[in-house]
Each structure stands twice: as C-alpha cells, then as structure tokens.
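Take a look at the structure set out below.
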Number of protein chains: 2
Amino acid sequence: MKAKCLGKVAAGKMRTLKYAILGLINRKAMTGYDLMKEFTIDLVNFWHAQHSQLYPELKKLTNEGLITFETVLQGEKLEKKLYSITDEGKKVFLSWLAKQDPLEPTPKDIFRLKAYFIESMRKEDILKQFHYQLDQRKEKLVKLEATMRQHPYAKNIADIISPLYGDYIVLKGAIMRERTNIDWLTQCIKEIEKAKKNCFYGSS
Amino acid sequence: MKAKCLGKVAAGKMRTLKYAILGLINRKAMTGYDLMKEFTIDLVNFWHAQHSQLYPELKKLTNEGLITFETVLQGEKLEKKLYSITDEGKKVFLSWLAKQDPLEPTPKDIFRLKAYFIESMRKEDILKQFHYQLDQRKEKLVKLEATMRQHPYAKNIADIISPLYGDYIVLKGAIMRERTNIDWLTQCIKEIEKAKKNCFYGSS
DNA sequence: ACAAGCATGTAACGTGTTACATGATTTT
DNA sequence: AAAATCATGTAACACGTTACATGCTTGT
C-alpha cells in the first residue's frame with residue numbers, strides 16, 4: 001500500500017480573488033460595491049468576479065484578520081461597510097505579489113475549440129463563424145482604444161510608481177492581445193477564401 | 001413581490017467539455033485514455049481537462065445516449081472502453097458547432113493582475129518578475145514553433161477540409177498569441193528600465 | 001411617482017483541481 | 001526486476017455562475 005497523505009487535502013487553493021481584493025483595498029478603503037465597480041471596469045481585462053462571490057470572500061478575509069470594516073451611513077438608514085486592509089493583510093498581499101509563479105495553463109477558448117473542429121463545420125457556416133467572431137473582436141478593440149485615448153497616463157507619461165502605470169500597461173496589453181486576435185482571424189478568413197476559390201473544398 | 005422563475009435553475013450550463021469530447025470522438029472511436037492524450041497534446045493550447053473530470057463526463061454522455069462504448073481487451077485481462085459517437089451525439093455536436101456565441105469574458109491572468117499592482121511591488125522585484133515571465137513565455141514559444149515546423153499541414157498546404165487544418169490554425173493562433181505576450185513584456189521592461197535611468201522611481 | 005443606481009446578502013448548482021485508489025502491460 | 005506507461009475510476013474540496021431576495025437613495 002502506498003504512503004497516504006494524511007492531514008487536510010490541498011485542492012485548488014490559489015485564492016487569487018483574495019489577493020485581487022487585498023490589492024484594491026490596499027490602495028484605499030472601499031465598500032463591496034466599490035470593489036465590484038473596479039472588477040467590472042478596471043480589472044475586467046484580466047480578472048472578474050460576481051458580487052455573489054465577492055461578499056462571502058470579504059467576510060472570509062475579515063475572519064482571517066486581513067481586512068477590517070467600519071460601518072458608515074449613506075443617507076439616513078442605508079448602512080455600508082467600508083473595508084480597509086490590516087498590517088497582516090498588507091504583509092500577505094506583498095508576499096503574494098513578490099512570489100514568482102510558473103506559467104498558468106493556457107486559458108480556455110471556446111471559439112478556438114470550434115476552429116479546431118473546422119472540418120466538421122457545414123461549409124456555408126465556416127466564414128459566417130469567423131466573420132462573426134472578427135466583428136466582435138473589432139468592436140472590443142474600438143472600445144479599448146477609446147479608453148486608452150482618455151487614459152491619464154498615456155496623455156502624460158511620467159513616474160511609473162503610480163497606480164496609473166499598472167492600469168496603463170494592462171490596458172496596452174489588452175489592446176495588443178485584441179489586435180493579434182484580429183490578425184489571426186483575418187489570416188484564417190483569407191486562407192479559407194483562397195481555398196474556396198481554388199476548389200480546395202466542396203460546394204456550399 | 002417579484003415574479004419568480006419557477007422550474008429548474010440554469011446556472012453555468014455551457015457543458016463545453018461535453019462538446020470537446022463529442023468532437024474528438026466524432027473523428028474516431030477512442031478510449032478515455034486516448035482522449036486524455038488529445039487534451040494534453042493537441043488541445044492544450046485552448047482547452048484542458050483532468051482525467052478525474054473526463055471519466056465522469058464520459059459516463060454522463062453515455063447515459064444521455066450521445067456516445068456508446070464497447071469493451072475491448074488489451075492483452076489478457078486489461079479492459080478498456082472504446083467510445084464512439086451516436087447519431088444523436090453527432091446531431092448535438094454539429095448544432096453546437098453551428099451556434100454563434102457572444103464573446104466570452106476576458107480570460108483571467110494572474111501575471112497581469114500582479115502587473116496591475118506594479119506600484120505596490122518592491123522596486124527590486126519589478127524587473128525580476130517581468131524577466132521571469134518573459135523567459136517562460138519565450139521557452140513556450142520555442143516549443144510551439146518546433147511543433148509547427150513538424151506540422152504536416154504547414155509542410156504541405158492543401159485542402160482545408162481535413163482535421164489537420166483545424167490543428168494548424170489553432171497552433172498558428174497560439175504562436176501569434178505567445179509572440180504578442182513577448183512583445184508586451186519586452187515593451188514593459190524597456191519602459192521600466194528607461195524610467196529607472198531617468199530616476200522616475202526610487203532607489204532599489 | 002418612478003427609474004436608475006446604491007448596497008448587501010444567500011441558495012443552488014455547475015465546473016475544475018488535487019489527492020486517493022487500483023491494477024495490467026510494455027519497455028528497459 | 002524495475003520503471004514507465006496504459007487504463008479507469010472516486011472523494012473532497014475550491015472556484016465560479018445564475019437566480020433569488022431585500023431595501024435605501026438620488027435624480028428626473
């Protein structure tokens with residue numbers, strides 16, 4: 001019989017959401033609602049979460065002593081919890097930030113999975129699918145580029161020790177990624193059209 | 001009181017693994033072990049799964065009547081299950097393949113999350129982190145390019161109606177993606193080094 | 001008065017990972 | 001004989017989504 005690993009199991013304990021929250025609260029005190037806005041606006045190009053995941057995590061981090069909250073009133077009755085990071089939380093966050101991670105597994109991508117199965121696609125659907133994807137990617141790129149044009153850092157490059165610099169580089173990365181997606185799709189479409197003309201695939 | 005949605009809940013019912021399996025088995029009959037090899041070799045650049053997820057899914061698809069298996073012997077005693085797709089399975093797979101999907105949410109990326117928090121990083125860690133990531137990405141690109149050089153389709157471009165073509169375009173996409181990652185990291189490193197020289201950030 | 005947005009939570013379920021568990025066959 | 005690979009499964013848990021649920025505040 002093999003030696004068994006007694007003691008509690010490990011299992012998927014990256015807790016990345018935990019560190020995303022700590023990092024944001026480390027910048028300034030925030031409510032859960034404020035955090036949600038960050039996730040849906042600034043972090044959306046590399047992380048996201050629903051509020052149903054966020055609130056329980058905030059409770060957990062409070063129990064772990066990494067954040068604390070004070071209840072503040074909005075108007076007469078509406079209570080909201082303003083969270084701030086503790087010294088322990090700051091320590092834990094900075095140690096995560098300094099850790100060198102191995103490359104993550106390649107992210108899953110449904111469109112590429114379908115592209116992999118292109119030979120099973122009905123001939124008349126192939127170009128339709130690629131164009132549909134391309135249109136959506138182009139639309140997204142337009143939005144990212146508009147955000148970049150309004151970005152304070154892009155307008156006035158200065159000190160990289162500012163939250164603006166982090167925001168700027170990930171936005172630049174998102175734009176580069178989207179341009180590459182568009183390049184790839186465009187090349188695929190060209191190849192497919194050429195094959196069509198040369199009768200390298202059956203009638204539609 | 002609001003109108004409630006009675007009937008069963010929906011909740012995360014993409015079942016993409018299901019279609020990945022159907023697509024592979026649609027090409028030819030395979031065992032669970034064979035499928036795992038596909039996931040870790042050919043599909044690894046856009047989908048992945050552990051065998052602990054695969055085997056239960058195969059059982060589920062069998063119960064749903066989308067695949068069937070026949071037990072074959074390997075040697076004297078070792079039984080393996082050779083799965084093939086049913087007509088119903090083929091129908092379900094093709095209908096998934098033809099469906100036009102909205103853009104997925106941007107995939108999560110731990111490194112970009114850390115990059116977003118660059119202002120909180122210890123000055124002497126910043127370049128170390130970016131170089132570490134760059135080295136890993138370069139290593140991965142080398143492997144992808146080696147795979148491409150040996151790819152049958154790349155050597156002899158012909159009919160796009162072949163499983164080889166799907167394999168080829170997703171591999172090309174993976175290479176383009178990795179080159180862009182490398183470009184992005186290289187640009188970031190250059191900017192950071194320039195800022196260092198110009199004393200745009202504190203001493204390390 | 002109404003709509004939009006602020007604010008916080010829970011329930012149920014689907015998806016994905018690590019570890020546990022076992023045994024046969026092939027290659028060195 | 002040992003190691004690598006073939007082959008299949010389950011248990012426990014972590015992570016993530018959709019829907020359910022409630023109530024206040026601000027702007028029009």
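Please read these numbers as outputs of a predicted model, since none were measured by experiment. Labels below follow one simple rule: chain letters A, B, ... track the order of the sequence lines, proteins then strands, and each chain is numbered from 1.
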Length of the line joining A:Phe69:CZ and C:dA7:P, which is rounded to integer Å:
16 Å

In whole Å, what is the span from the CE atom of B:Met14 to the P atom of D:dT18?
9 Å

Please give, in whole Å, the distance from D:dC6 C1' to B:Asp34 CG?
10 Å

Report yes if a donor N or O on one partner sits less than 3.5 Å from an acceptor N or O on the other, where the partners are the side chain of B:Ser52 and the base of C:dT18; otherwise report no.
yes

Expressed as a whole number of angstroms, how long is the span from A:Glu70:CD to C:dT8:P?
13 Å

Do the non-hydrogen side-chain atoms of B:Trp96 and B:Lys18 ever get within less than 4.5 Å of each other?
no

From the set D:dT8, C:dT8, C:dG16, return the single nucleotide nearest to any side-chain atom of B:Trp47.
C:dG16

Is a donor from one side chain sitting under 3.5 angstrom from an acceptor on the other, for A:Asp183 and A:Thr186?
no

Output a table of nitrogen or oxygen pairs between the protein and nucleotides 26-28 of chain D separated by less than 3.5 Å.
none

Closest to side chain of B:Gln53, choosing from D:dT10, C:dT15, C:dA7:
C:dT15

Could you tell me whether a side-chain N or O of A:Glu104 sits under 3.5 Å from a main-chain N or O of B:Ile110, the two making a donor and an acceptor?
yes

With a sphere of 6.0 Å drawn around CG of B:Asp87, does it hold more than 12 non-hydrogen atoms of other residues, nucleotides or ligands?
no

Any side-chain N or O of B:Lys37 under 4.0 Å from OP1/OP2 of D:dA7?
no

For A:Lys140 and B:Thr106, which I'm curious about, is there any donor-acceptor pair between the side chains at under 3.5 Å?
yes

5'-most contact on DNA chain C (nearest-nucleotide basis), B:Thr16 vs A:His51, goes to A:His51

Report the distance from atom CD of B:Glu57 to atom C1' of C:dG16, rounded to the nearest whole Å.
12 Å

DNA chain D: A:Lys77 or A:Leu17, which has the more 5' nearest nucleotide?
A:Leu17

Separation of D:dC15 atom P from B:Leu113 atom CG, nearest Å, is 14 Å

Between C:dG9 and A:Lys81, is there an OP1 or OP2 to side-chain N/O distance shorter than 4.0 Å?
yes

Between B:Phe39 (CZ) and D:dA7 (C1'), how many Å, whole number?
17 Å

Quick one: do B:Arg179 and B:Glu145 make a salt bridge, cutoff under 4.0 Å?
yes

Closer than 4.0 Å, any side-chain N/O of A:Gln50 to the OP1 or OP2 of D:dG16?
no

For A:Tyr55 and C:dC6, what is the distance between atoms OH and P respectively, to the nearest whole Å?
11 Å

Is A:His48 near enough to D:dG16 that one of its side-chain N or O atoms lies under 4.0 angstrom from OP1 or OP2?
no

B:Tyr83 side-chain proximity, nearest of D:dG9, C:dT15, D:dC15:
D:dG9

Counting just side-chain N and O atoms, does A:Lys18 come under 4.0 Å of either OP1 or OP2 of D:dC15?
no

Does C:dG16 have its OP1 or OP2 closer than 4.0 Å to a side-chain nitrogen or oxygen of A:Lys108?
yes

Counting only N and O atoms by type, is there a donor-acceptor contact under 3.5 Å from the side chain of B:Lys114 to the main-chain atoms of A:Gln100?
no

For A:Glu88, which residues count as a salt bridge (charged side-chain N to carboxylate O under 4.0 Å, His left out) partner, sequence neighbours excluded?
A:Lys91

Measure from the side-chain heavy atoms of B:Lys59 and tell me the nearest of D:dT10, C:dT25, D:dT8.
D:dT10

Where the side chain of A:Tyr33 is defined as all heavy atoms beyond and including C-beta, which of D:dT8, C:dC6, C:dG14 is the nearest nucleotide?
C:dC6

Both B:Lys80 and A:Ala49 contact DNA chain D. Taking the nearest nucleotide for each, which residue is further toward the 5' end?
B:Lys80

